[in-house]
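Just so it is clear, the model here is predicted, and its values are computed rather than measured. Chain identifiers are assigned alphabetically (A, B, ...) following the order of the sequence lines, protein sequences preceding nucleic acid strands; residue numbering begins at 1 within each chain.
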Number of protein chains: 2
Amino acid sequence: MNLKQLSELLGLSQTTVSRALNGYPEVNEATRERVLQAVKETGYRPNKAAQRLATGKAGSIGLVMPTAPGHQSDVHFGEFLAGLGEEAVRHDFHFVIMPADPDDEVAALRRLAISGNVDALFVAYMRGHDPRLAMLKSLSMPYVVHGRSFGSEPDYPYLDIDNEGAFYDATRLLLQLGHTRFALMNGPMHLDFAIRRKNGVISALAERGLALDEGCMSHALMTDEQGLLAMEHFLQLPERPTAILCSSTVLALGAIRAVNQAGLRLGEDISLIAHDDVLPLLKPESFSVPLTTTRSSLRAAGVRIAQRLIGTVKQAGPFPDQELWKTELIVRASTGPVPQA
Amino acid sequence: MNLKQLSELLGLSQTTVSRALNGYPEVNEATRERVLQAVKETGYRPNKAAQRLATGKAGSIGLVMPTAPGHQSDVHFGEFLAGLGEEAVRHDFHFVIMPADPDDEVAALRRLAISGNVDALFVAYMRGHDPRLAMLKSLSMPYVVHGRSFGSEPDYPYLDIDNEGAFYDATRLLLQLGHTRFALMNGPMHLDFAIRRKNGVISALAERGLALDEGCMSHALMTDEQGLLAMEHFLQLPERPTAILCSSTVLALGAIRAVNQAGLRLGEDISLIAHDDVLPLLKPESFSVPLTTTRSSLRAAGVRIAQRLIGTVKQAGPFPDQELWKTELIVRASTGPVPQA
DNA sequence: TACATAATTGAAAGCGCTTTGGATGCCACT
DNA sequence: AGTGGCATCCAAAGCGCTTTCAATTATGTA
């Protein structure tokens, strides 16, 4: 069933039926009723590809999903998607997801953009000096970046959390508790949030005349194994750190396993603060020793970005171009005063 | 840059350029080279919407993502998606994800199908007597179901794991260890896998003349909280079960927390077997007491389903319509002989 | 040399929708 | 009666691609 058939059925022109369907004013209310009725009976749905071709819009947000054989799936990605979806469903938008090798993201994003399949783009996993920014700017398609790109002029639409502030505050808390030996368990070095979090730690330490030793910094994928490995490494250092900052509760999961295996007590021998993306699976309060965290909901960010993206496509009012969300610092049992030596 | 412009640039007809691009044989090799060269230089990409409209194919797989405010995101979904993506990226396919309220899945699936945006459908979260099957059959669009629908004629293309066999085997193992008081911590009652797993347990018990008490069965969303609650309930029963079967490592996570909180020892006071979807975040061997599991990789299932779907769309050879994967039973430390009373 | 055959290329007709630029009829108003 | 304005409706022209059908040229054969 297509427009033509439907209009023949009704004895109307395609024009009128189309207008009736799309809420144009120049169609008789009685006629519109008749059309709507027929739609219900026949179950007619406009062909989106045709609509897209004719209008240039198709109610969809495009995004690139990094994937590859052996590339571990990322809970953060799923959680963010849930947020996007929650908002999208309200506006009858859908997503077009282009899976791409992590090394091929720029090209994949470009393919997606010029495929004509999407109205707007969402971009994540930002890096320092991210090459995608220049490409996006040249595209004349709305987009919102999740995160920022360290080293690039912040003149693009983004939503980010204050990573530097979060880790600055967390470090200050640990300093106040008397800790002096710190370690940072971070995400991959090239990612923007990792850079900023590191800076936050470093500047808080610097205020006390402390520095973060190279050996007390790990950059790795945010998996629990990597957390385990990194922590094992830290624990073997001659000057074992007593305060750990951790970029994700996923990393913390492994890190804590290492602490337990070493027979140490979290919150006493070792204090740890992790960043909490509010993943349903990893509630900091559910850890055997509840975790002190810097918190910001990834899902809420997804909802907000979807709002902005969809709003822009629908030309529904202006949105702020840049948003920086503060994180909360929530103290639980994984942090305590520095142990007396 | 579109086909018309490109062909004018080359002094060729759109026909020839189109054929050159799509690998048709009736075009001079020299001409093809010239076209390919021009594509490289101009960065031309065909408009997918137009391609779709003209051919009816667009290289995309559609799926419905259940979501709603407050609806917790599902790690299983993300992991499966990673599998789909891994295969899709090899064939330059993408996904169209339609977010939908969990109560609205049938309608959402239909909308997706007739939107003309997708070539094939993937369907998951199957229920007993699933109403989507009839709809899918009427659709004349390829689809593959992940799971099955208990109570419906199995005459549709599916990939499922042997849920009944898995839980039958797991139960047998526990029986051999002398356990007689069982509890089953299951997924939502209406879901197909939950039905079959329950049946597996019941039939293994029946062979020994045992039955599964109503109070020893929980049906809930597969979250760690629910696991905690269910286990707390089980532990308060007058005849406390000693053997627990658990539909997911996510549930097990909470369940084990409850066991620990009750001061009981896993693998001694309580034996537990969980089904392991091979989620990167929840490795059974990484639990403080490594988990005995029935194992089947969700991601591998995703890869396989994408293969079948894409293969069908591309008309690349016949695929088996029905696949039933056996699970592995892997014994670790969370199971032990029944404690002597 | 003449003619069948194969190799290349093009013109034009869609795919299903939106939208521009009229038509048409009806009314009030002068 | 003549005119302008309004409410409705429609024919047809795209959107950018594929594909059918036909034309043209090159090649081979008798």
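- Rounding to whole angstrom units, CZ of residue A:Arg45 and P of C:dG16 are separated by 17 Å.
- Put simply, CG on B:Leu21 is 9 Å from P on D:dC17, counting in whole angstrom units.
- For D:dC9, the OP1/OP2 oxygens have a side-chain nitrogen or oxygen of A:Thr31 closer than 4.0 Å.
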Worked verdict on B:Arg148 versus B:Asp130 for salt bridge (charged side-chain N to carboxylate O under 4.0 Å, His left out):
CA-CA 9 Å; B:Arg148 280 176 289 175; B:Asp130 201 298; over 6 Å; no

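- The CD-C1' distance, from B:Glu33 to C:dT8, rounds to 16 Å in whole Å.
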Could you go through residues 64-82 of chain B and list every donor-acceptor pair under 3.5 Å that involves a side-chain atom there, pairing it with any protein atom two or more places apart or in another chain?
{"unit_1": "B:Ser73", "atom_1": "OG", "unit_2": "A:Glu79", "atom_2": "OE1", "d": "2.5"}
{"unit_1": "B:Asp74", "atom_1": "OD1", "unit_2": "B:His76", "atom_2": "N", "d": "2.9"}
{"unit_1": "B:Asp74", "atom_1": "OD1", "unit_2": "B:His76", "atom_2": "ND1", "d": "2.7"}
{"unit_1": "B:Asp74", "atom_1": "OD2", "unit_2": "B:Tyr125", "atom_2": "OH", "d": "2.8"}
{"unit_1": "B:His76", "atom_1": "NE2", "unit_2": "B:Asp277", "atom_2": "OD2", "d": "3.2"}
{"unit_1": "B:Glu79", "atom_1": "OE1", "unit_2": "A:Ser73", "atom_2": "OG", "d": "2.5"}

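- In this structure, CG of B:Asn117 is placed 14 Å from C1' of C:dC15, rounded to the nearest angstrom.
- Atoms CD (B:Gln51) and C1' (C:dG14) sit 16 Å apart, rounded to a whole Å.
- Side-chain nitrogen and oxygen atoms of B:Tyr44 include at least one within less than 4.0 Å of the OP1 or OP2 phosphate oxygen of D:dC17.
- We find that CG of B:Leu3 is positioned 13 Å from C1' of C:dG10, with the value rounded to whole Å.
- Put simply, A:Asn47 has no side-chain N or O that comes within less than 4.0 Å of OP1 or OP2 on C:dG16.
- The phosphate of D:dT8 has OP1 or OP2 within less than 4.0 Å of a side-chain N or O from A:Asn28.
- For B:Ser18 and D:dC17, the shortest distance from a side-chain N or O to OP1 or OP2 is not below 4.0 Å.
- Rounded to whole Å, the distance from CD on A:Glu29 to C1' on D:dC6 is 16 Å.
- A donor-acceptor distance shorter than 3.5 angstrom exists from the side chain of B:Gln322 to the backbone of B:Tyr156, with no hydrogens or angles considered.
- Atom CZ of B:Arg90 sits in a crowded spot, with more than 12 heavy atoms from other residues, nucleotides or ligands closer than 6.0 Å.
- Put simply, A:Asn22 has a side-chain N or O that comes within less than 4.0 Å of OP1 or OP2 on C:dT18.
- Of the listed nucleotides (D:dT19, D:dG16, C:dG10), D:dT19 has the atom at the smallest distance from the side chain of B:Tyr24.
- Within a heavy-atom distance below 4.0 Å of DNA chain D, the residues of residues 5-16 of chain A found are A:Gly11, A:Leu12, A:Ser13, A:Thr15, A:Thr16.
- Neither side chain, B:Ser18 nor B:Thr15, offers a donor N or O lying under 3.5 Å from an acceptor on the other.
- Candidate nucleotides C:dT9, D:dT19, D:dT8 were compared by shortest atom distance to the side chain of B:Glu26, and C:dT9 ranks first.
- Side chains of B:Arg34 and B:Gln37: a donor-acceptor N/O pair is absent below 3.5 angstrom, by distance only.
- A distance-only check finds no donor-acceptor pair linking the side chain of B:Asp104 to the backbone of B:Ala100 [under 3.5 Å].
- Mapped onto DNA chain C by nearest heavy atom, A:Ala49 and A:Arg19 fall at different nucleotides, with A:Ala49 at the one closer to the 5' end.
- When the C1' atom of C:dA13 is taken as reference, atom CG of B:Leu53 falls 13 Å away, rounded to whole Å.
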